[in-house]
Enquirer: 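Let me begin by handing over the structure; questions about it come next.
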There are 2 protein chains.
Amino acid sequence: MATLKDIGAELGLSVATVSRALNGFPEVSLKTRTKVQETADRLGYRPNRVAQRLVTGRSGMVGMVVKIKPDMSADQTFFEMLTGLTAALSARETDLVLAVDQGGDPVLPYRKLLERGILDGFILNAPVTDDPRVTFLREQGIPFVLHGRDRATPDYPNFGIDNAAVSATSVDMLAHLGHRRIALINGELRHAYAAERLEGFRAAMARHDLAPDSARNGATFESHAYTRALELLAQADAPTAFVCASTVIAAGVMRAVRDRGLSVPGDVSVMAHDDALPLTRAISFDPALTVTRAPLRDACEPLANMLVDHLGGVPAEALQVMMDVELIVRGSTGPAPKGG
Amino acid sequence: MATLKDIGAELGLSVATVSRALNGFPEVSLKTRTKVQETADRLGYRPNRVAQRLVTGRSGMVGMVVKIKPDMSADQTFFEMLTGLTAALSARETDLVLAVDQGGDPVLPYRKLLERGILDGFILNAPVTDDPRVTFLREQGIPFVLHGRDRATPDYPNFGIDNAAVSATSVDMLAHLGHRRIALINGELRHAYAAERLEGFRAAMARHDLAPDSARNGATFESHAYTRALELLAQADAPTAFVCASTVIAAGVMRAVRDRGLSVPGDVSVMAHDDALPLTRAISFDPALTVTRAPLRDACEPLANMLVDHLGGVPAEALQVMMDVELIVRGSTGPAPKGG
DNA sequence: CTGAAAGCGCTTACAG
DNA sequence: CTGAAAGCGCTTACAG
């Protein structure tokens, strides 16, 4: 590997000048700059990142932790983001280092990664309300960016969707179709997104003078959603519309509706929030699923850029974005049934 | 962050001695060593990896490339290994850096990662026959370890299963059950594992004096497997047993068998090789699937250790392991039908 | 516009 | 058994 010294030796220049030429310092003469650049290209010079990092104090690496389940599998949503983040970070000359959280103390993998002393910051995802990882990294003074937010008014860089608006948009649309009994089949309430969706659901239902008691929170398995939907459908005042936290949940709900001998959207409307995961595509449902849509992958580039910008000195206040989601109406929703 | 200098200053020792004490050099006196260790602990000293790396020339980081499909999703088998590898590498003080292969030149992401000059080596998976990545890394002189092998007699560290034996074990078992017409529903032939399975299949069939013409290679989607099995079942001399390259393929084959009005294992036996992926569990089939089994995850620790050992100077010849697979007989295989 | 020098935090021959 | 010194490859005040 060619070094600055090699280039300097060829041209009779000091490493200092070569360094400045290559890094675009304005005081270097055009003639010198061209010669240096040309020699660097010819020698295939690549700056030694390790040396740069030692002197700048930055490592050019950020960390991310995969949480794996007891069966050693990880969340589909994590991997969905992982590839996008890696690509986006790479465009900013930053590498992504991975660690695993085997369960237990959620802070431990971050602590261990920090002890290695090689990371500039972290990307966190899937926050729970008042996330202990946020508390830890903040008190350590380590920069990080969060996908979503773990509290109402975050003081760290974050990028996410307006989860209250997800519920509000869904409820508004269904209410305008005449639905009065609307159910929310939500994720686990400890997850910040689920808490926000529930809150948004309650507020929206209240605005329409509807009873918000048909909300069910829990694990986002298809089978769980199926069971919870069956329970609601067995009630005297069964819902005529379901708002689902994910497309997987919607699949369970649709199955339950049909097992009750009801039709979608004739008897029951079903809609979901769609993260655009490749394995459960809203458009492949029959009928195609009405959704609020916000592809997880769309968050990757903003998150990567925010973190790198933050490391470069941009204050957290300037790096907080809450996106609105898109409403896509398809065949799975329709007017409330007569006399429903 | 405390440095060697800080520790030395506290104790009136040179950084050289402190360094030696901390790194377990034998010449340091016990008394000094204890004092240094104690002070290091008290100060919360963590070696600066970047500095260590600059001087040793090693980075303590290895790379891995995710190949993502046009729909931006990645292979389940990749993620299955990713978490296991990260954990195993971490135990050896090594970090895993990720990059993505967006399609196109398979060598490009490796080249780009190398240009950053921060990686000691690579872990490769899913080799194709005579893999160009192997050629590239070899000519660059970069250490790597391969899951599986891309040629018959590899000269690099590798860990994998005996794919020819996978086929042989399967065919032997089915032949002993009286099956004469055995089909192989294989993966894409450009993948080294698929080529090895096919070769093993042909050899085993020949040993039993059976015609090995019922082999079909192709993409490992459930739907493709379904189609290919239907074609074979429609023939006059339809197979009475199927050896499947994966559990996903087995699912497609079983569906085809049933759509033909046939039963498993009464009319047709079905077995598969099982990588123990969490999403398609052989035991959840009905009837439970007979398999040759070799969990992908079992490869993670050996691969991680092999790479780190190789970086530490262990020659490639000492780091080549081909594992035998386990045969687990369950309900999806049985005697060949009478007159079949 | 360019160079000599110091320094980032460590490791490791070389002396003693 | 310990220290002084050189050096890994870079960046960046400080001079000139």
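Throughout, protein chains are lettered first and strands after them, A, B, ... in sequence-line order, and every chain is numbered starting at 1. Values below: every heavy atom of this structure, side chains too, minus hydrogens, waters and symmetry copies.
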Enquirer: Would you classify V55(A) as touching base, sugar-phosphate or nothing, given that sugar-phosphate means primed atoms plus P, OP1 and OP2, and contacts are heavy atoms under 4.0 Å?
Expert: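 If one applies the 4.0 Å heavy-atom cut-off, V55(A) turns out to touch a base.
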Enquirer: Measure CZ/F25(A) against P/dT2(C) and give the value in whole Å, please.
Expert: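 After rounding, the gap between these two atoms is 14 Å.
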Enquirer: To the nearest 0.5 Å, what is the distance between CG (L85(A)) and CG (L98(B))?
Expert: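 Between atom CG of L85(A) and atom CG of L98(B) there are 10.5 Å.
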Enquirer: Expressed as a whole number of angstroms, how long is the span from R53(B):CZ to dC10(C):P?
Expert: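 Rounded to the whole Å, the gap is 13 Å.
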Enquirer: Run the salt bridge (charged side-chain N to carboxylate O under 4.0 Å, His left out) test on D131(A) and R151(A) for me, step by step, so that the C-alpha distance in whole Å, both residues' side-chain angles and the decisive distance to 0.1 Å come before the verdict.
Expert: CA-CA 8 Å; D131(A) 200 297; R151(A) 60 200 71 196; over 6 Å; no
Enquirer: Considering only side-chain heavy atoms of L4(B), which listed nucleotide, dC10(C), dA4(D), dT11(D), is closest?
Expert: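 My answer, after comparing the listed nucleotides, is dC10(C).
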Enquirer: Could you please name the partner base of dA4(C), counting Watson-Crick and G-U wobble pairs only when both distances are under 3.5 Å?
Expert: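 By the stated definition (distances under 3.5 Å), nothing pairs with dA4(C).
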Enquirer: It should be established whether N48(B) places a side-chain nitrogen or oxygen under 4.0 Å from OP1 or OP2 of nucleotide dC8(C).
Expert: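 For N48(B), the contact criterion (side-chain N or O under 4.0 Å from OP1 or OP2 of dC8(C)) is not met.
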Enquirer: From the list dC10(D), dC10(C), dT12(D), which nucleotide is the closest neighbour of the side chain of A16(A)?
Expert: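 Nearest nucleotide to the side chain: dT12(D).
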Enquirer: Is there a side-chain contact between N125(A) and F78(A), using heavy atoms and a 4.5 Å cut-off?
Expert: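 They are in side-chain contact.
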Enquirer: When the nearest nucleotide of DNA chain C is assigned to K5(B) and to P26(A) on a heavy-atom basis, which residue is associated with the more 5' position?
Expert: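 First, find each residue's nearest nucleotide; the 5'-ward one identifies P26(A).
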Enquirer: Does E27(A) reach a base, just sugar-phosphate, or nothing at all? Heavy atoms under 4.0 Å.
Expert: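 The residue E27(A) makes base contact.
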Enquirer: Find the distance between CG (L137(B)) and CD1 (I142(B)) and round it off to the nearest 0.5 Å.
Expert: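 Separation between the atoms: 7.0 Å.
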Enquirer: Of A51(B) and S14(B), whose closest DNA chain D nucleotide lies nearer the 5' terminus?
Expert: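 On the 5' side of the pair lies S14(B).
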Enquirer: Between Q52(B) and dG9(C), does any side-chain N or O lie under 4.0 Å from OP1 or OP2?
Expert: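 The answer is no; no side-chain N or O of Q52(B) sits under 4.0 Å from OP1 or OP2.
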Enquirer: Over how many whole Å does the gap from L13(B) atom CG to dA4(D) atom C1' extend?
Expert: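 Those two atoms, CG and C1', are 14 Å apart.
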Enquirer: Between atom CG in D6(B) and atom P in dG9(C), what is the gap in whole Å?
Expert: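 Taking atom P of dG9(C) as the reference, CG of D6(B) is at 9 Å.
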Enquirer: Using whole Å, report how far CG of N23(A) lies from P of dA13(D).
Expert: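 Whole-Å distance recorded here is 13 Å.
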Enquirer: If I compare all heavy atoms of N158(B) with all of G148(B), which pair ends up nearest, and what's the gap?
Expert: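 Distance-wise, the nearest heavy atoms are CB-O, 3.3 Å.
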Enquirer: Within this structure, what is the CG-to-C1' distance between L22(B) and dT2(D), rounded to whole angstrom?
Expert: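 The answer, rounded to whole Å, is 15 Å.
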Enquirer: Do R20(A) and dG3(C) have a side chain to base donor-acceptor pair shorter than 3.5 Å?
Expert: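 Indeed there is one.
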Enquirer: Please report, rounded to the nearest Å, how far the C1' atom of dC1(D) is from the NZ atom of K35(B).
Expert: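 In whole Å, dC1(D) C1' and K35(B) NZ are 12 Å from each other.
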Enquirer: Is there a side-chain polar atom (N or O) of S19(A) under 4.0 Å from OP1 or OP2 of dT11(D)?
Expert: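 Answer is yes, contact under 4.0 Å.
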Enquirer: Just checking G8(A): base, sugar-phosphate only, or nothing, at a heavy-atom cut-off of under 4.0 Å?
Expert: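 Nothing, no nucleic acid heavy atom in range.
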Enquirer: Would you indicate, yes or no, if dT2(D) has its OP1 or OP2 atom less than 4.0 angstrom from a side-chain nitrogen or oxygen of S29(B)?
Expert: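 Yes.
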Enquirer: Considering just the side-chain nitrogens and oxygens of T56(B), establish if one lies under 4.0 Å of OP1 or OP2 belonging to dC10(C).
Expert: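 For dC10(C), neither OP1 nor OP2 has a side-chain N or O of T56(B) closer than 4.0 Å.
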Enquirer: I'd like to check T17(A) versus V36(A) (side-chain heavy atoms, cut-off strictly below 4.5 Å). Are they in contact?
Expert: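 Counting from C-beta outward, T17(A) and V36(A) never come under 4.5 Å.
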Enquirer: When the nearest nucleotide of DNA chain D is assigned to V15(B) and to L54(B) on a heavy-atom basis, which residue is associated with the more 5' position?
Expert: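 Result: V15(B).
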Enquirer: Using Watson-Crick or G-U wobble geometry with both distances below 3.5 Å, tell me the partner of dA13(D), or none.
Expert: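 When the pairing criteria are applied, nothing turns out to pair with dA13(D), so the answer is none.
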